[in-house]
Amino acid sequence: MERLLPDRHGERLYLDHAATTPMTAAARAAVAGAMAHWANPSSPHAEGRAARAALEEARGRIAAAYGWPGEVLLTSGASESLALALARATPARRLVSAVEHDAALRAAGRADVIPVDAAGRVDPASIDGGDALVAVQWCNSETGVIQPLAEVAQAVHAAGGLLLVDAAQMPASPAPVRHADFVALSAHKRGGPPGVGALLVRDLATLAPTGGQERGYRPGTENLPGVLGYAAALDEPEPDHADLRARLDDAIRRSGGEVVADGAVRHPAIGSYRMPGMAATAQLIRFDLDGIAVSAGSACASGSMKPSHVLRAMGWPEERVREVVRVSFGRTTTGADVDRFVAAWRAVARGARRFAA
C-alpha cells in the first residue's frame with residue numbers, strides 16, 4: 001500500500017488505534033518468517049508436524065499472556081469468536097448488553113437486551129442469567145467505559161448462566177477475564193496482524209462442536225503466520241496512556257466540549273468527545289484535512305454514519321449523538337500528538353461557534 005501523502009504539517013497523525021493499530025516489528029517479523037517456511041499444520045509429514053508444533057507453541061503463549069487456564073480456539077478475529085460462542089454455547093437463552101459491539105448484536109439475533117445506566121454501565125442486579133449465555137464487553141469500543149465484570153460474573157453464575165466477554169480492546173492481562181467462561185479476542189487491536197483472533201473457552205463441554213480443525217470447533221486450515229504474529233505482538237508490553245487521556249479530557253472540557261461518560265472508569269487509551277454545534281461527519285472531514293485520523297463510533301459501524309446505538313442506550317438524544325467523535329491512542333502516541341489534536345479541535349470548534357452565531 002502506498003504511503004499516505006503528507007499534509008501541511010509534514011506528516012499525518014493517527015488517533016484511531018481502537019479501530020486497528022499498526023503491527024509491531026516483532027509481529028511483522030514473525031509473520032514474514034512463518035510465510036517463508038509455510039506448511040499445513042494438519043498435514044502428517046515432517047513439514048506439517050513442524051508447523052503444528054509452532055502453532056501449539058503460539059497457542060500456549062496466547063493463553064499465558066491472558067493467564068487463561070482453559071482452551072484457546074484460534075479464529076479469524078473477535079467477530080467470529082463472538083459469533084461462534086453466541087451460536088453454539090450450550091445455554092438455551094441469550095442475553096446481551098445494550099452497548100455491545102455490532103458484531104455481538106448481529107450474532108445474538110433476538111436475544112434479550114440488558115439495559116445500561118447513563119454512563120453505559122450494566123447493573124449486575126438487573127441480569128436474569130438463568131440458563132443463559134450473557135454477553136458483556138470488558139470495555140466499550142466507542143466510549144471506553146469498563147464494565148464491572150467481577151460483579152456481572154457473580155450474578156450470572158449465581159443464576160446458573162455463563163458469561164461471554166468481548167475483550168477485543170483489552171490489553172493482555174489475566175485480571176479482567178478470570179471470571180469469564182468465554183472470551184473473544186482480536187490480534188489487530190493488540191499490534192498483531194488482521195484476520196486472526198481467539199475464543200478462550202473455560203470448558204469445551206459448554207460449546208457444541210461441528211467438526212474440522214481447532215479440536216473440532218472450527219473448520220479451515222489454521223492461519224499459522226497470523227497466529228505466530230499474534231503471539232509475538234502479545235510479548236510486547238503496551239504503555240499506560242492514562243495521563244495522556246486525562247490531559248485530553250481536561251483540554252476538551254476547558255474548550256467547551258463534553259467528555260462522554262465523564263467520571264466513569266474508562267479505558268486509558270479511548271475517549272469520546274462531543275463538539276456542540278458541529279456534526280461528527282463534518283468534524284472528521286476537518287480533522288482529516290488537518291492530517292489527523294479519528295473516528296465516529298466503532299469502525300464496524302462508523303462507515304454507515306448511523307447514530308451510535310451505544311450513546312442512544314445511554315439516553316443521549318440523536319442530535320447530541322451525531323456530534324461525538326472518538327479518539328484512541330496507540331504505542332506511538334505522545335503528548336505532542338495530544339496537543340496537536342487539541343489545537344485542531346479548538347480551531348474546528350471556533351468555526352462551529354461562528355457558524356452558529
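Starting from 1, each residue takes its place in the sequence as its number. The structure presented is a predicted model; accordingly, all values stated were derived computationally and were not measured.
Within 6.0 Å of CD in Glu258 there are more than 12 heavy atoms belonging to other residues, nucleotides or ligands.
Hydrophobic cluster membership of Met35, counting Ile, Leu, Val, Met, Phe, Trp and Tyr whose side-chain heavy atoms lie under 4.5 Å apart directly or via other members: Met23, Val31.
With sequence neighbours left out, the ring-ring contact (aromatic ring centres under 6.0 Å, His included) criterion links Trp316 to no other residue. With sequence neighbours left out, Asp337 forms a side-chain hydrogen bond (donor to acceptor under 3.5 Å, both in side chains) with Thr334. Contacts of Phe329 classified as ring-ring contact (aromatic ring centres under 6.0 Å, His included), with partners at least two apart in sequence or in another chain: His241. Residues forming a side-chain hydrogen bond (donor to acceptor under 3.5 Å, both in side chains) with Gln283 (at least two apart in sequence, or on another chain): none. Considering only residues two or more places apart in sequence or on other chains, Glu151 meets the side-chain hydrogen bond (donor to acceptor under 3.5 Å, both in side chains) condition with none of them. In this structure Arg49 satisfies the side-chain hydrogen bond (donor to acceptor under 3.5 Å, both in side chains) test with no other residue, sequence neighbours excluded.
Each salt bridge (charged side-chain N to carboxylate O under 4.0 Å, His left out) pair with one or both residues in residues 118-129, not counting sequence neighbours, appears once here: Arg93-Asp128, Asp117-Arg121. Within the structure, salt bridge (charged side-chain N to carboxylate O under 4.0 Å, His left out) contacts touching residues 67-77 (residues at least two apart or in different chains) are Glu71-Arg215. Under the side chain to side chain donor-acceptor pair (under 3.5 Å) criterion, the residue pairs touching residues 20-37 are His17-Thr21, Thr20-His188, Thr24-Glu236, with sequence neighbours excluded.
Val177 and Leu86 are not part of a single hydrophobic cluster, where members link through side-chain heavy atoms under 4.5 Å apart. Note: the hydrophobic cluster containing Leu73 does not contain Tyr66 (ILVMFWY, side chain heavy atoms under 4.5 Å, direct or indirect links). Cluster annotation: Val265 is connected to Met314 through the hydrophobic network of ILVMFWY side chains, with a link wherever side-chain heavy atoms come within less than 4.5 Å. Under the 4.5 Å side-chain heavy-atom criterion for grouping Ile, Leu, Val, Met, Phe, Trp and Tyr, Leu185 is not connected to Tyr217 through any hydrophobic cluster. One hydrophobic cluster holds both Val325 and Leu244 under the rule that ILVMFWY side chains link at heavy-atom gaps under 4.5 Å.
Ile252 CD1 to Ser272 OG: the interatomic distance, rounded to the nearest 0.5 Å, is 11.0 Å. To the nearest 0.5 Å, atom NE2 of residue His101 and atom SG of residue Cys139 are 11.5 Å apart. Atom CZ of Arg320 and atom CZ of Arg312 lie 11.5 Å apart (nearest 0.5 Å). One finds the OG1 atom of Thr332 at 8.5 Å from the CG atom of Leu13 (value rounded to the nearest 0.5 Å). Going from atom CG of Leu207 over to atom CG of Leu84 covers 5.5 Å, rounded to the nearest 0.5 Å. The distance from atom CG of Leu311 to atom CZ of Arg322, rounded to the nearest 0.5 Å, is 11.5 Å.
Side-chain contact annotation: Arg326 with Ser295, donor-acceptor N/O pair under 3.5 Å present. One side chain, Glu142 or Ser308, offers a donor N or O that lies under 3.5 Å from an acceptor on the other.
The aromatic rings of Phe341 and Phe287 sit tilted, their planes meeting at an angle between 30° and 60°.
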Legend entry - From CA spacing to verdict: salt bridge (Lys or Arg N to Asp or Glu O under 4.0 Å), Glu214, Arg59: CA-CA 11 Å; Glu214 287 304 292; Arg59 191 193 307 272; 2.7 Å; yes
Legend entry - Stepwise salt bridge (Lys or Arg N to Asp or Glu O under 4.0 Å) check, Asp249 with Arg266: CA-CA 12 Å; Asp249 287 356; Arg266 291 179 289 139; 2.5 Å; yes
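Each of Leu74, Leu199, Thr75 was scored for a side chain to side chain contact (heavy atoms under 4.5 Å, CB included) with Arg218, with one residue passing: Thr75.
Side chain of Glu80 to main chain of Ser76: a donor-acceptor pair is present (N/O by atom type, distance under 3.5 Å, no hydrogens or angles). Between the side chain of Arg247 and the backbone N or O of Ala242 there is no donor-acceptor pair closer than 3.5 Å. Looking at His267, its side chain does come within 3.5 Å of a backbone N or O of Gln169 through a donor-acceptor pair. Checking side-chain atoms of Ser43 against main-chain N and O of His45 turns up no donor-acceptor pair under 3.5 Å. Judged purely by atom type and a 3.5 angstrom limit, Arg202 has no side-chain atom pairing as donor or acceptor with the backbone of Gly70. With hydrogens and angles disregarded, a donor-acceptor distance shorter than 3.5 Å links the side chain of Arg12 to the backbone of Asp288.
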What side-chain donor-acceptor pairs closer than 3.5 Å can you find for residues 129-136, not counting sequence neighbours?
from   : atom 1 : to    : atom 2 : distance (Å)
Asp131 : OD1    : Ala92 : N      : 3.4

Would you list the atom pairs, donor with acceptor, under 3.5 Å between side chains in residues 156-165 and any protein atom, with sequence neighbours excluded?
from   : atom 1 : to     : atom 2 : distance (Å)
His157 : ND1    : Ala153 : O      : 3.2
His157 : NE2    : Asp181 : OD2    : 2.7

